[in-house]
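Only this structure's heavy atoms are used, side chains among them; waters, hydrogens and symmetry mates stay out. Quick caveat: nothing in here was measured; it's all calculated off a predicted structure.
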Amino acid sequence: MGVISELVRAELDRHDWDALRCGCGGTAGHVPTMFEAIIEAGTPGDMVGHTLDNHLEVGTNLFEVSVPAVGVLLAALAGDLSPLARAEFMITLWRLASGESHSTEVAAGRAGLGDECRAGCREGLWVVGRTGLTGSADEAEMAADIVEFIDLDEERSAYYQPLLRDRTRTKTKRRRAV
């Protein structure tokens with residue numbers, strides 16, 4: 001079972017989640033509890049009913065809550081997480097980094113949520129890179145995609161993307177029986 005780090009707690013506490021629009025149609029006051037449940041989950045069954053899907057984003061269509069969630073995801077990924085939580089947070093971060101504002105957010109004057117999420121991800125570029133270089137093949141692939149979406153330094157991006165994608169191929173090769 002995972003433990004909520006002080007860094008994650010600080011990121012959760014610094015936002016007024018009740019004042020943010022959520023993908024479920026209400027306010028995001030329940031989102032911190034979802035983050036906590038995912039971090040503390042010991043098994044997939046422990047996560048039932050606690051998913052960030054359809055709250056932070058719906059099919060990469062972002063909601064106001066997505067922007068502060070990037071900081072929480074990066075804070076969590078900077079610490080010790082179970083493989084289950086790390087995988088959930090990496091795919092969520094990938095969705096936020098590749099997303100754009102939902103039409104309801106555009107109508108509310110928040111057309112730049114995708115850019116805001118990518119800017120937040122840039123602040124945690126090294127966390128994304130470390131996760132990709134030390135995690136599973138899927139995490140390496142997601143990290144490579146996130147780097148492609150967020151890194152404005154073309155030379156650095158061109159270096160890290162193949163490094164991460166090579167790690168993906170290496171980790172997914174089948175070993176021959178001897």
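In terms of modelled atom types and a separation under 3.5 Å, the side chain of Ser66 and the main chain of Leu62 share no donor-acceptor contact. Under a 3.5 Å cut-off, the side chain of Ser101 and the backbone N or O of Ala111 do form a donor-acceptor pair. Under the 3.5 Å distance criterion, the side-chain polar atoms of Thr51 are left unmatched by any main-chain donor or acceptor of Met47. In terms of modelled atom types and a separation under 3.5 Å, the side chain of Arg167 and the main chain of Leu133 share a donor-acceptor contact.
With contacts defined as side-chain heavy-atom distances shorter than 4.5 Å, the pair Cys22/Val31 qualifies. In this structure the side chain of Leu77 never reaches within 4.5 angstrom of the side chain of Val128, judged on heavy atoms. Contact of the Glu148 side chain with the Arg165 side chain is registered, since non-hydrogen atoms from C-beta on lie closer than 4.5 Å. Contact annotation: the side chain of Thr131 approaches that of Met90 to within less than 4.5 Å [non-hydrogen atoms, C-beta and beyond]. Inter-residue side-chain proximity for His50 and Glu36 is flagged as unmet; no heavy-atom pair is nearer than 4.5 Å. The shortest distance between side-chain heavy atoms of Asn54 and Cys24 does not fall below 4.5 Å. Between Phe63 and Val58 the shortest side-chain heavy-atom distance falls below 4.5 Å. Using a 4.5 Å heavy-atom cutoff, the side chains of Leu20 and Pro68 are in contact.
For the pair Ala143 and Gly132, the tightest heavy-atom approach, listed with the atom from each and the gap, is CB-CA, 3.6 Å.
Considering only residues two or more places apart in sequence or on other chains, His15 meets the ring-ring contact (aromatic ring centres under 6.0 Å, His included) condition with Trp17. For Asn61, the side chain to side chain contact (heavy atoms under 4.5 Å, CB included) criterion is met by His102, not counting sequence neighbours. Remark: Asp13 engages Arg9 in a side chain to side chain contact (heavy atoms under 4.5 Å, CB included) (not counting sequence neighbours). Under the side chain to side chain contact (heavy atoms under 4.5 Å, CB included) criterion, Glu123 pairs with no residue, sequence neighbours left out. With sequence neighbours left out, Asp153 forms a side chain to side chain contact (heavy atoms under 4.5 Å, CB included) with Asp151, Glu155, Arg156.
Note that OG of Ser98 and CG of Asp145 are 8.5 Å apart. Values are rounded to the nearest 0.5 Å. Residue Thr27 holds its OG1 atom at 5.0 Å from CG of Asp18, rounded to the nearest 0.5 Å. Here the CG-CD1 distance, from Asp46 to Ile39, works out to 13.5 Å after rounding to the nearest 0.5 Å. Distance check: Thr43 OG1 to Leu84 CG gives 7.5 Å after rounding to the nearest 0.5 Å. Note: Arg169 CZ to Leu164 CG = 10.5 Å, rounded to the nearest 0.5 Å. Glu6 CD to Glu11 CD: the interatomic distance, rounded to the nearest 0.5 Å, is 13.0 Å.
The aromatic rings of Tyr160 and Trp126 sit perpendicular to each other, their planes meeting at more than 60°, with 30° as the lower class boundary.
Phe89 is not connected to Leu7 by any chain of hydrophobic side-chain contacts under 4.5 Å among Ile, Leu, Val, Met, Phe, Trp and Tyr, and they are in different clusters. Linking ILVMFWY side-chain heavy atoms closer than 4.5 Å, directly or via other members, places Tyr159 and Val147 in a single hydrophobic cluster.
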Begin from the C-alpha positions of Leu96 and Cys121 and carry the test side chain to side chain contact (heavy atoms under 4.5 Å, CB included) through to its verdict.
-> CA-CA 9 Å; Leu96 299 183; Cys121 286; 5.6 Å; no
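Residues in residues 71-100 take part in these salt bridge (Lys or Arg N to Asp or Glu O under 4.0 Å) pairs, two or more places apart or across chains: Asp53-Arg95, Glu57-Arg95, Arg86-Glu139, Glu100-Arg118.
Here Glu64 pairs with Arg21 in a salt bridge; the nearest charged N to carboxylate O distance falls below 4.0 Å.
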